[in-house]
2 protein chains.
Amino acid sequence: MADLFEALAAPARQAILDVLCERDGQTLFEICSRLAMSHNLTLTRQAISQHLEVLESVGLLSTRREGRYKFHYLDTTPLEAIVERWLSRNKKKKEK
Amino acid sequence: MADLFEALAAPARQAILDVLCERDGQTLFEICSRLAMSHNLTLTRQAISQHLEVLESVGLLSTRREGRYKFHYLDTTPLEAIVERWLSRNKKKKEK
DNA sequence: TTGACAGGCAAGTAGTGACTTGCCTATTAT
DNA sequence: ATAATAGGCAAGTCACTACTTGCCTGTCAA
């Protein structure tokens, strides 16, 4: 799994992105509880941890360790590739 | 499978979107041969047909039947939801 | 220093989706 | 009419991935 779109496919990972959109820089446990509360997603901590790994591997989030806490920061720049790949190409055609 | 992102996850379907970006309104057989030629993707006709079904089910393409031919037309408007969901939300925060 | 907290590692399971094979229908050309 | 073309339907296989369970490591507070 090294593909941006495969990373976005899992609903759980979409929800994680939503959660980090609400408040950036959360820890694993914070993300877990917020998913359970606001998104009705009750997954084990490990499941969410694995999702975070995937999201990080495609560059959608970066992490910063501080003591025993690990904070997760959203990075939406890879998403712009989607626009470039299909959306903007049509615009170029229309512009011609 | 009724999710836009799951539909985008399969590399074959990404390639199909690319192919239709190059030239819109192609038939199944045209898409097949173009995938094999330009994209080194040799799948059976049925496989690609199934991919087209998925893409149509999430609104990424529409079809028009004409005699024994069926033409496939790209529709990228669902992709804008991605921008809305995560990209534009950040912009709003920055604008504040 | 010991227990609680935050997180990581590894192996196993189950379900799903991508793909194939085989056969069928409809349209067009000869 | 019949053969070729364009496409559809259905069932089966296989691999991958999402998720779990169980245990381990590191950090902080009492």
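Chain letters run A, B, ... following the sequence lines, proteins first, then strands; residues in each count from 1. No hydrogens, no waters, no symmetry mates; every other heavy atom, side chains included, goes into these values.
A distance of 8.0 Å separates CD of B/Q26 from CG of B/D24, quoted to the nearest 0.5 Å. One finds the CD1 atom of B/I16 at 8.0 Å from the CG atom of B/L43 (value rounded to the nearest 0.5 Å). With rounding to the nearest 0.5 angstrom, the NE2 atom of B/H72 is 12.5 Å from the CG atom of B/L17.
The CD atom of B/E53 sits 14 Å away from the C1' atom of C/dC19 (whole-angstrom rounding). Whole-Å rounding puts the A/F5 CZ to C/dG17 P distance at 19 Å. To the nearest angstrom, C1' of C/dA18 lies 15 Å from CG of B/L35. The separation between A/F29 atom CZ and C/dC5 atom C1' is 7 Å, rounded to whole Å. We find that OH of A/Y69 is positioned 8 Å from P of C/dG7, with the value rounded to whole Å. In this structure, B/E30 atom CD and D/dA6 atom C1' are separated by 11 Å, rounded to whole Å. Computed from coordinates, the B/I31 CD1 to D/dG8 C1' distance equals 15 Å when rounded to whole Å. Rounded to an integer number of Å, the gap from A/Q26 CD to C/dG7 C1' is 16 Å.
At least one side-chain nitrogen or oxygen of A/S49 sits closer than 4.0 Å to the OP1 or OP2 atom of C/dG8. Regarding contacts with the backbone of C/dG8, a side-chain N or O of A/K70 is found under 4.0 angstrom from either OP1 or OP2.
Checked against C/dA6, D/dG7, D/dA6, the side chain of B/L28 finds its nearest nucleotide in D/dG7.
Residue pairs meeting the salt bridge (Lys or Arg N to Asp or Glu O under 4.0 Å) criterion with at least one member in residues 33-43 of chain A, sequence neighbours excluded: A/E22-A/R34. Screening residues 50-64 of chain A for salt bridge (Lys or Arg N to Asp or Glu O under 4.0 Å), with sequence neighbours left out, gives A/R64-A/E66. Listed by first and then second residue, the ring pair (Phe, Tyr, Trp, His ring centres under 6.0 Å) pairs involving residues 1-60 of chain B are B/F5-B/W86 (not counting sequence neighbours).
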Just the table, please: protein N/O against nucleotides 14-23 of chain D N/O, every pair under 3.5 Å.
from, atom 1, to, atom 2, distance (Å)
D/dA18, OP1, A/R13, NH2, 3.3
D/dA18, OP2, A/R13, NH1, 2.9
D/dA18, OP2, A/R13, NH2, 3.3
D/dC19, OP2, A/H51, NE2, 2.2
D/dT20, OP2, A/T44, N, 3.0
D/dT20, OP2, A/T44, OG1, 2.6
D/dT20, O4, A/Q50, NE2, 3.0
D/dG22, O6, A/Q46, NE2, 3.3

Set out, line by line, the N/O atom pairs under 3.5 Å between protein and nucleotides 1-4 of chain C.
none

One pair to check against side chain to side chain contact (heavy atoms under 4.5 Å, CB included): B/L74 and B/C21. What are the steps and the verdict? CA-CA 7 Å; B/L74 194 58; B/C21 252; 3.7 Å; yes
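Across all their heavy atoms, A/T42 and A/A36 have their closest contact at CG2-CB, 4.2 Å.
B/Y69 pairs by the side chain to side chain donor-acceptor pair (under 3.5 Å) definition with nothing, not counting sequence neighbours.
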